[in-house]
A.B. asks: 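One structure, pasted below without further comment.
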Amino acid sequence: MTSKTSRNGKWRDLMPRLLSAVVMVAVGLGAVLSSHLAFTALVVVVGCVGLWELWRMRQVKLAASGLNTADSLNLAAYLAVLVLGCLGLITLSAEGGRALLLYVIGLVVVTDSMGYLVGKTLGGPKFWARISPNKTWSGVLGGWIGAGVLAYFCHPFMPEGFVRLWFFVTSSMVLSFASQLGDMAESGLKRRMGVKDSSNIIPGHGGVLDRFDALLALGALAYVLNVIFG
């Protein structure tokens with residue numbers, strides 16, 4: 001009985017996660033397929049909610065024990081990720097084309113989903129217990145493998161003259177890891193601020209920063225690389 005209850009408890013958040021994911025995918029796809037303006041509006045909304053969530057976390061920490069210099073620097077750093085991430089996604093929509101934008105979003109979804117399913121199923125050693133106690137090496141590797149498989153099947157649909165298959169697969173796995181690091185950065189910030197979730201507006205996921213932390217990290221990386229290399 002205890003074992004069965006434990007197994008059920010392990011998957012208790014799966015249904016709300018799936019339902020919320022279906023809604024978010026529908027809204028996101030609708031915006032991407034509609035127009036650049038619609039996608040930009042969606043990113044702006046996400047950015048504004050993300051700003052509110054950062055303020056909310058700041059207020060929780062301020063009320064609990066006050067803010068020190070390290071707290072303020074961490075909040076400022078994540079604010080930069082949020083702003084650059086939104087700018088990067090908007091730029092990618094304007095310049096990268098719909099196929100590449102959909103691929104980046106799909107990469108994050110597959111990495112997160114495979115990481116969750118493989119990590120929950122196999123468990124095992126923690127990847128970085130102090131920052132993200134629920135993330136395991138099996139989940140991290142599952143995310144990489146999912147990203148590699150996605151890249152293999154999506155490569156034929158990329159623009160003509162795109163990078164070679166082997167480079168696309170390997171770079172997608174590297175980007176998968178970058179998205180996981182973005183997730184961990186947000187987890188570390190939440191632990192420092194003393195909150196479980198950035199907010200509770202998305203059932204099964206918490207807040208927009210909890211859900212889009214990995215995508216924002218990739219957007220920020222894309223924006224910085226675009227500024228450096230043009």
Side-chain angles (χ1 to χ4, degrees), residues 21 24-44 46-47 77-78 80-119 127-128 135 137-186 209 211-230:
M24 287 186 289
V25 167
V27 173
L29 279 178
V32 171
L33 298 178
S34 176
S35 66
H36 169 65
L37 181 60
F39 180 73
T40 298
L42 180 60
V43 172
V44 170
V46 169
Y78 204 84
V81 172
L82 174 61
V83 173
L84 293 178
C86 289
L87 290 174
L89 291 174
I90 292 172
T91 302
L92 188 61
S93 172
E95 301 177 2
R98 185 174 293 166
L100 190 57
L101 178 60
L102 285 172
Y103 178 74
V104 169
I105 295 173
L107 177 69
V108 171
V109 172
V110 168
T111 296
D112 182 68
S113 300
M114 287 296 295
Y116 176 81
L117 293 173
V118 174
F127 179 76
W128 196 347
K135 194 174 292 295
W137 269 106
S138 63
V140 170
L141 294 175
W144 296 355
I145 293 171
V149 172
L150 178 71
Y152 179 83
F153 285 105
C154 287
H155 185 264
F157 301 98
M158 291 296 107
E160 185 177 353
F162 202 60
V163 296
R164 296 193 178 191
L165 176 61
W166 69 267
F167 182 79
F168 189 50
V169 171
T170 54
S171 61
S172 292
M173 295 175 77
V174 172
L175 290 175
S176 172
F177 185 46
S179 74
Q180 291 168 333
L181 291 178
D183 175 54
M184 290 189 153
E186 199 255 350
L209 294 182
R211 178 64 276 174
F212 300 111
D213 47 9
L215 185 59
L216 288 169
L218 286 191
L221 178 61
Y223 186 80
V224 170
L225 292 176
N226 186 59
V227 169
I228 294 175
F229 298 106

A.B. asks: Got L42 and V27 here, is their nearest side-chain heavy-atom distance under 4.5 Å?
C.D. replies: yes
A.B. asks: Under a 4.5 Å cut-off applied to non-hydrogen side-chain atoms, are M184 and D213 in contact?
C.D. replies: no
A.B. asks: When rounded to the nearest 0.5 angstrom, what distance separates OG1 in T91 from CG in L101?
C.D. replies: 11.0 Å
A.B. asks: Taking all atoms of both residues into account, what is the closest heavy-atom pair of Q180 and V140, and its distance?
C.D. replies: NE2-O, 3.2 Å
A.B. asks: Name all pairs fulfilling the side chain to side chain donor-acceptor pair (under 3.5 Å) condition that reach into residues 165-174, sequence neighbours left out, sorted by first residue then second.
C.D. replies: Y103-S172
A.B. asks: Hey, could you give me the CG/CZ distance between L141 and F127, rounded to the nearest 0.5 Å?
C.D. replies: 9.0 Å
A.B. asks: Evaluate the side chain to side chain contact (heavy atoms under 4.5 Å, CB included) criterion for residues V81 and E186: first the C-alpha distance (whole Å), next the side-chain angles of each, then the deciding distance (0.1 Å), finally the verdict.
C.D. replies: CA-CA 10 Å; V81 172; E186 199 255 350; over 6 Å; no
A.B. asks: As an exercise, state the distance from CG of L150 to OG1 of T111, rounded to the nearest 0.5 Å.
C.D. replies: 8.0 Å
A.B. asks: Using side-chain heavy atoms (C-beta onward) and a distance below 4.5 Å, is L107 in contact with L218?
C.D. replies: yes
A.B. asks: Check G47 against C86 and note the closest heavy-atom contact, atom names and distance.
C.D. replies: CA-SG, 3.7 Å
A.B. asks: Under the ring-ring contact (aromatic ring centres under 6.0 Å, His included) test, which residues partner Y223, sequence neighbours left out?
C.D. replies: none
A.B. asks: If you compare all heavy atoms of S176 against all heavy atoms of W144, which two are closest, and at what distance to 0.1 Å?
C.D. replies: OG-CD1, 3.6 Å
A.B. asks: Looking only at heavy atoms, which two atoms of A38 and A31 are closest? And how far apart?
C.D. replies: CB-O, 3.8 Å
A.B. asks: Are the side chains of V169 and H155 in contact, using a 4.5 Å heavy-atom criterion?
C.D. replies: no
A.B. asks: Go through it in stages, so that I can follow the logic: the residues are L221 and L175, the test is side chain to side chain contact (heavy atoms under 4.5 Å, CB included), and I'd like the CA-CA distance, side-chain angles, deciding distance and then a yes or no.
C.D. replies: CA-CA 9 Å; L221 178 61; L175 290 175; 3.9 Å; yes
A.B. asks: Report the C-alpha distance between M114 and V149 in whole Å, list the side-chain angles of each, state the deciding distance to 0.1 Å, and finish with yes or no for side chain to side chain contact (heavy atoms under 4.5 Å, CB included).
C.D. replies: CA-CA 11 Å; M114 287 296 295; V149 172; over 6 Å; no
A.B. asks: Find the distance between CZ (F157) and CG (L100) and round it off to the nearest 0.5 Å.
C.D. replies: 15.0 Å
A.B. asks: Do L215 and S179 make a side-chain contact, defined as non-hydrogen atoms from C-beta onward lying under 4.5 Å apart?
C.D. replies: no
A.B. asks: Taking all atoms of both residues into account, what is the closest heavy-atom pair of H36 and S93, and its distance?
C.D. replies: ND1-OG, 2.8 Å
A.B. asks: Check whether any side-chain heavy atom of L82 sits under 4.5 Å from a side-chain heavy atom of L209, and report yes or no.
C.D. replies: yes
A.B. asks: Contact between D183 and K135 at the side-chain level, heavy atoms closer than 4.5 Å - yes or no?
C.D. replies: yes
A.B. asks: Roughly how far, to the nearest 0.5 Å, is CZ of F39 from CG of L33?
C.D. replies: 11.0 Å
A.B. asks: Give the minimum heavy-atom separation between M173 and I145, together with the two atoms involved.
C.D. replies: CE-N, 4.5 Å
